[in-house]
Enquirer: 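Starting off with a structure, shown below.
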Amino acid sequence: MPEPYDLLLIGGEVLDPGGGQRGRLDVAIRGGLIAEVGAALPRDAHEIVDVAGDLVLPGLVDVHTHVYPGAGYWGIDPDPIAWHTGVTTWVDAGSAGAYSVAGLRDFATGRRVRVRALLNIAGQGLSARTGEGVDLANCDPDQAARAIREHRDLVCGVKVRIDRETVGDNGVEPLRRGLIAARECGVPVMVHIGTTPPALADVLELLRPGDLLTHCASGLAQPTGPEARAAYERGVLFDIGHGSGAFAFDVAEEQLASGMPPHIISTDLHARSVYGPVFDLPTTMAKLLAAGLPLDDVVASVTIRPAQALGLQAGSLAPGRPADVAVFTRIAEPQQLTDAHRQTRTLPFRLVNRHTYVGGRRLPAQWPAPPPPWVPLTAEQTAALRERENAIRDLLATPLVGVDGLAEQFPRSIPPKES
């Protein structure tokens, strides 16, 4: 007789592009791994959770985040966001370079979620808002390659930001150096695009098949011309990387109409974008659904495709894989969605996370830290944060249950005197 499962999710609508599994199926977990996926599995489990009517996905993979708080301008803690969004694998995109990757490792080790990293070609990483590529002495490919080899279980690629503020007069030289380090270590490069110079064409012509172009639907860079198509057709991976200013509905819709859908959907979630316009990965997924990308493609773009792009053991519910699972409820109510330029689209439903499991363990609720003082917020954002905090305080200040919901845990041997 096989041992009981540790956890059995029953009756959900499984959508697993990476494992080729779709339909009303049960998901069984044992020892932190997916044990079986199938119809009407034996109800022999230490814990059974009924997810009938819910969408059961592999744990989501976000390949463009900034999750190194306390070490620079952009970082946030992923744990307080993961438990209610379904994101189980977070890839930090360049917060740390060769000088600081050991500190990122220490931080990542203490997280409940899985954290991997793209090493910034600039040794100081993103300690400041921008400008890391201005001094080329910090963009040392030998130092970067050495750091990647030393931390290969953490680092899965190289990150280079290429825009006017970041590189100054250095053009695409930081990217050339990032590519040297990446080639030496056999990993891809993710390149950020934005304001020019350097010209977008100069960036695109350097990218190899399997490299990632993040901010691919940027309203500032607008990668929709022949150079973008040539890069797309030779295998450069287009990644949304929404961020505070890098996603425009009209650009995304033009790319979809021209047969260039994104390969990967990511958030560029950081200390500013987490308060809007990004908010989280499910909201970003909803924006691509509203733009016209089919649900199957959206799910593949946040599970198996990013996992394969960076060589991660994630993004699938195939037996033997880590038991990272995201369960969502579909709510039939309109959701208005806003891009980085305040263009809006409406999706007729919402996907709301119900359970998030990492290694078969459900992530507990956790309250996020307040925004750091350098993050610019509108008056409306500040008021909404205060209102949310007060609502949580009021909820926690109310006793959990009344007398009917309590048990006498230590009965008295002598009954109380009647009043």
Side-chain angles (χ1 to χ4, degrees), residues 63-64 93-94 118 121 130 133 157-179 182 188-268 277-278 284 287-294 297-298 300-301 305-306 309 337-345:
V63 300
H64 190 158
L118 303 172
I121 188 56
T130 189
V158 174
K159 174 70 181 295
V160 185
R161 296 205 301 175
I162 299 292
D163 63 42
R164 183 175 60 235
E165 282 192 316
T166 305
V167 302
D169 296 328
N170 291 326
V172 295
E173 181 59 23
L175 176 55
R176 294 183 190 278
R177 297 185 179 200
L179 287 163
V189 166
M190 173 187 281
V191 62
H192 149 123
I193 55 173
T195 53
T196 57
L200 177 61
D202 294 341
V203 174
L204 292 173
E205 70 177 5
L206 295 176
L207 299 182
R208 311 160 299 169
D211 287 336
L212 286 74
L213 180 78
T214 196
H215 310 319
C216 73
S218 165
L220 302 176
Q222 298 201 42
T224 57
E227 298 91 350
R229 177 167 293 281
Y232 190 96
E233 290 179 351
R234 73 171 180 270
V236 173
L237 302 178
F238 277 40
D239 167 49
I240 289 295
H242 188 312
S244 292
F247 176 75
F249 273 120
D250 59 306
V251 176
E253 289 162 352
E254 181 179 348
Q255 290 173 334
L256 288 173
S258 65
M260 292 171 52
H263 301 95
I264 297 169
I265 298 171
S266 71
T267 58
D268 187 14
V278 177
T284 305
K287 295 180 188 185
L288 273 298
L289 287 168
L293 193 64
D297 286 338
V298 168
S301 298
R305 289 184 195 158
L337 300 153
T338 306
D339 70 5
H341 306 287
R342 301 181 68 193
Q343 299 179 97
T344 62
R345 302 290 187 271

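Since the structure is predicted, the reported quantities are computational estimates derived from the model, not experimental observations.
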Enquirer: Is there a donor-acceptor pair closer than 3.5 Å between any side-chain N or O of Glu173 and the backbone N or O of Gly133?
Expert: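 No; zero donor-acceptor contacts below 3.5 Å.
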Enquirer: Might you point out which heavy atoms bring Pro223 and Gln255 nearest each other, and give the distance in Å?
Expert: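 Where Pro223 meets Gln255 most closely, the heavy atoms are O-NE2, 3.1 Å.
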Enquirer: Scan residues 214-231 for pairs that pass salt bridge (charged side-chain N to carboxylate O under 4.0 Å, His left out), counting only residues two or more places apart or in two chains.
Expert: Arg229-Glu233
Enquirer: Is it true that a side-chain atom of Tyr232 and a backbone atom of Pro261 form a donor plus acceptor pair closer than 3.5 Å?
Expert: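 Answer holds: yes.
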Enquirer: Provide the closest heavy-atom pair for Pro277 versus Gly243 in the form atom of the first, atom of the second, distance.
Expert: CG-O, 3.8 Å
Enquirer: Among all residues two or more places apart in sequence or in another chain, which pass the side-chain hydrogen bond (donor to acceptor under 3.5 Å, both in side chains) test with Glu165?
Expert: Arg129
Enquirer: Does the side chain of Thr166 pick up a donor-acceptor pair with the side chain of Thr130 at under 3.5 Å?
Expert: yes
Enquirer: Which atom names give the shortest non-hydrogen contact between Ala291 and Leu256, and what distance separates them?
Expert: O-CD1, 3.4 Å
Enquirer: Using modelled atom types only, decide if a donor and an acceptor are shared between the side chain of Thr196 and the backbone of Pro198 within a distance under 3.5 Å.
Expert: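 No: the side chain of Thr196 does not pair with the backbone of Pro198.
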Enquirer: Is the shortest heavy-atom distance from the side chain of Pro262 to the side chain of Asp239 under 4.5 Å?
Expert: no
Enquirer: State which residues pass salt bridge (charged side-chain N to carboxylate O under 4.0 Å, His left out) with Asp163; sequence neighbours excluded, sorted by chain then number.
Expert: none
Enquirer: Main chain of Leu207, side chain of Arg234: is a donor-acceptor contact present, judged purely on distance under 3.5 Å?
Expert: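 Yes, Arg234 side chain to Leu207 backbone: donor-acceptor pair under 3.5 Å.
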Enquirer: side-chain contact (heavy atoms from CB on, under 4.5 Å) with Ala248: which residues, sequence neighbours excluded?
Expert: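 Partners of Ala248 by the side-chain contact (heavy atoms from CB on, under 4.5 Å) criterion, ordered by chain and then number, come out as Asp250, Val251, Asp339, His341, Gln343.
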Enquirer: Looking at side-chain heavy atoms only, is the closest gap between Leu200 and Ile193 below 4.5 Å?
Expert: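 Of all side-chain heavy-atom pairs linking Ile193 with Leu200, at least one is under 4.5 Å.
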Enquirer: Please give me the minimum heavy-atom distance between Thr284 and Ser266, naming the atom from each residue.
Expert: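 So the two residues come closest at CG2-O, 3.9 Å.
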Enquirer: For Glu254, give me all partners under side-chain hydrogen bond (donor to acceptor under 3.5 Å, both in side chains), at least two apart in sequence or on another chain.
Expert: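 Not a single residue meets the side-chain hydrogen bond (donor to acceptor under 3.5 Å, both in side chains) criterion with Glu254.
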Enquirer: Mark yes or no for whether His263, through its side chain, and Phe238, through its backbone, hold a donor-acceptor pair below 3.5 Å.
Expert: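 Indeed, once roles are kept as given, a pair shorter than 3.5 Å links the two residues.
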Enquirer: For Leu212 and Pro188, which heavy atoms make the closest approach, and how far apart are they?
Expert: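 Looking at all heavy atoms of both residues, the closest pair is CD1-CB, 4.2 Å.
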Enquirer: Tell me, with the steps shown, if Arg305 and Asp297 meet salt bridge (charged side-chain N to carboxylate O under 4.0 Å, His left out).
Expert: CA-CA 10 Å; Arg305 289 184 195 158; Asp297 286 338; 3.4 Å; yes
Enquirer: If we check side chain to side chain contact (heavy atoms under 4.5 Å, CB included) with His192, which of these qualifies: Thr214, Asp268, Leu175?
Expert: Thr214
Enquirer: Could you report the tightest heavy-atom contact between Ser244 and Ala340, atom names first, then the distance?
Expert: O-CB, 3.6 Å
Enquirer: His64 and His215: aromatic ring centres closer than 6.0 Å?
Expert: yes
Enquirer: Under the rule for salt bridge (charged side-chain N to carboxylate O under 4.0 Å, His left out), what residues qualify as partners of Asp211, not counting sequence neighbours?
Expert: Arg208
Enquirer: Do Leu204 and Val236 come within less than 4.5 Å of each other through their side chains, counting heavy atoms only?
Expert: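 Answer no - side chains too far apart.
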Enquirer: Is any side-chain heavy atom of Phe249 closer than 4.5 Å to a side-chain heavy atom of Leu337?
Expert: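 In short, these two side chains touch, coming nearer than 4.5 Å.
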